[in-house]
**Q** 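After the structure tokens below, expect a handful of questions from me.
Numbers restart at 1 for each chain; the letters A, B, ... are given by sequence-line order, proteins then strands.
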Protein chains: 2
Amino acid sequence: MPKLVDPHERRTLLADALLRVAAERGLMDVSLRHVAAEAGVTAGMVQHYFRTKDEMMIFALDVVAARVQARLEDDPDPRRLVRSLLVQLLPLDADRELEGRVAVAYHAYAATRPDVAARLRQDTIGMRAAVAERIRAAGHPGPLDPDVAATGLLALVEGLAVHVLGGHLAPDDALATLDAHLDLAFGTPVSTPPPAARSGSRA
Amino acid sequence: MPKLVDPHERRTLLADALLRVAAERGLMDVSLRHVAAEAGVTAGMVQHYFRTKDEMMIFALDVVAARVQARLEDDPDPRRLVRSLLVQLLPLDADRELEGRVAVAYHAYAATRPDVAARLRQDTIGMRAAVAERIRAAGHPGPLDPDVAATGLLALVEGLAVHVLGGHLAPDDALATLDAHLDLAFGTPVSTPPPAARSGSRA
DNA sequence: TCCTTCACGTTGCAGGTGCAACGTAACGGA
DNA sequence: TCCGTTACGTTGCACCTGCAACGTGAAGGA
């Protein structure tokens, strides 16, 4: 065998280019040629590593899912673990913002591609179960059923992410909202720092 | 002047066709020709009523916003009003499911079109202010600051809608989650009906 | 009756799309 | 040294895209 190239590395390189294009110009602008240009390679090479465009899109989704998973460091404290899991789904820094834009784009994309939808669903359901389990493990039952609380937290971060990405909400407010709901989910006393100047009437 | 045609009616007809295409096949499949075919007219007529594709997209967004607004009936009870506002953002029936798919698609689209983003932002901020005001009007302070609660509720329904649309969550569970959080926001006793069989391990 | 004005329909174009087919250079085992 | 395999690069094709340009029929005021 010649050339000895790690295919997975190449595919990951291309997936990164795709994610950059998707985040900056939207999924509608993701084409073989744009991805190739972004990666600095020819369109032919992209075709060499992905037989079809859909295959490339799904691989890119796998890449981000794996990275989110990898960023999770084990924490003995259930609430801290859940919080770190949820916080990294919010677009609080430049990297998460890119991933957030990609996520929104993929949710729209999933509406027409059943296999993409299945992939997203699997991730969501897994996280929900994990969150519910940690809430139960925490021991202090709050006002919410753990399953309801987990469902709510997952949906909440999803919505907060969308609102922050759209510029509807300041990142700090998103974080404060998340923490307040974490308090409720974990049955700890609510300690909402006074919201800065959130009025809603000045726009 | 000949032919006497109501332009707004025609544009709305085309916008409806666009919304159907967007909901069923995704925003990537929204093209002048597809919209025209869905509406049963020629592409030339579409061009006659919208000088550019973007103009058509934004008009369609205005149409749904106006409809959501129009469906709101005044209710003296703050909580009932907020609930009816939020419930209609969930894809609980076929019509709302179409609108939900459109909304997700537009959120992705807004990432690249600043004017679309501005339109969405305006709606979100308006609703947030309205919800916060009603929570305050209700009188029984709950565990959450009204602004935080309003922000949370809006983000929650956004996320719940995404999860229901993706098949990650059953509509009933979404509704139960919303009601539980409404209880918290309005400071009323939590009355979560026992969740049916929400396990998360059966998918 | 004419003739302007509106409401479309038709045609065409330059560019982009996914993808198949084919070419080729280089490495490594035989 | 030969030769098969791998890793690309190149070319081409059928199709779709938004949009401009132009054509046409009818309605209604003059």
**Q** Closest to the B:His48 side chain: C:dC19, C:dG9, C:dC8?
**A** C:dC8
**Q** B:Met57 CE to D:dG18 C1': how many Å, rounded?
**A** 12 Å
**Q** With the side chain of B:Tyr49 defined as its heavy atoms from C-beta on, choose the nearest nucleotide among D:dG9, C:dA7, C:dG9.
**A** C:dA7
**Q** Can you check whether B:Ser31 has a side-chain N or O nearer than 4.0 Å to OP1 or OP2 of D:dT17?
**A** yes
**Q** How long is the straight-line distance from CG of A:Leu27 back to OH of B:Tyr109, given to the nearest 0.5 Å?
**A** 14.0 Å
**Q** From CG of A:Leu14 over to P of D:dG9, roughly how many Å is that when rounded to an integer?
**A** 11 Å
**Q** For a side-chain contact (heavy atoms from CB on, under 4.5 Å) with B:His168, tell me which candidate from A:Glu158, A:Gln122, A:Arg121 qualifies.
**A** A:Arg121
**Q** When only distance counts, do a donor and an acceptor, one from the side chain of A:Arg33 and one from the base of C:dG18, lie under 3.5 Å apart?
**A** yes
**Q** Give the rounded distance in Å between these two atoms: CZ of B:Arg10 and P of C:dC6.
**A** 16 Å
**Q** Mind calculating the distance between CG (B:Leu27) and P (D:dG18) to the nearest angstrom?
**A** 12 Å
**Q** Would one find a side-chain N or O of B:His34 under 4.0 angstrom from OP1 or OP2 of D:dC16?
**A** no
**Q** Looking at C:dC19, I'd like to know if its phosphate oxygens (OP1 or OP2) sit under 4.0 Å from a side-chain N or O belonging to A:Thr52.
**A** yes
**Q** A:Leu32 has an atom CG; how far is it from atom P of C:dG15, in whole Å?
**A** 20 Å
**Q** Both A:Val30 and A:Gly44 contact DNA chain C. Which one's nearest nucleotide lies toward the 5' end?
**A** A:Val30
**Q** I want to verify a distance call: between C:dC19, D:dC8, D:dC19, whose nearest atom is closest to the B:Lys53 side chain?
**A** D:dC19
**Q** Whole angstroms only, please: what is the CE-P distance between A:Met28 and C:dG16?
**A** 16 Å
**Q** Check the distance between C:dA20's P and A:Gln47's CD and give it to me in whole angstrom.
**A** 7 Å
**Q** For B:Arg51, I'd like to know if atom CZ has over 12 heavy atoms of other residues, nucleotides or ligands within 6.0 Å.
**A** no
**Q** Is A:Asp115 paired with A:Arg119 through a side-chain N to carboxylate O contact shorter than 4.0 Å?
**A** no
**Q** Rounded to the nearest Å, what distance is computed from the CG atom of residue A:Asp29 to the P atom of nucleotide D:dT17?
**A** 15 Å
**Q** Can you tell me if the side-chain N/O atoms of A:Arg51 get under 4.0 Å from OP1 or OP2 in C:dA20?
**A** no
**Q** Establish, for the pair A:Arg11 and A:Phe59, whether the NZ or CZ atom is under 6.0 angstrom from the six-membered ring centre and no further than 45 degrees off its axis.
**A** yes
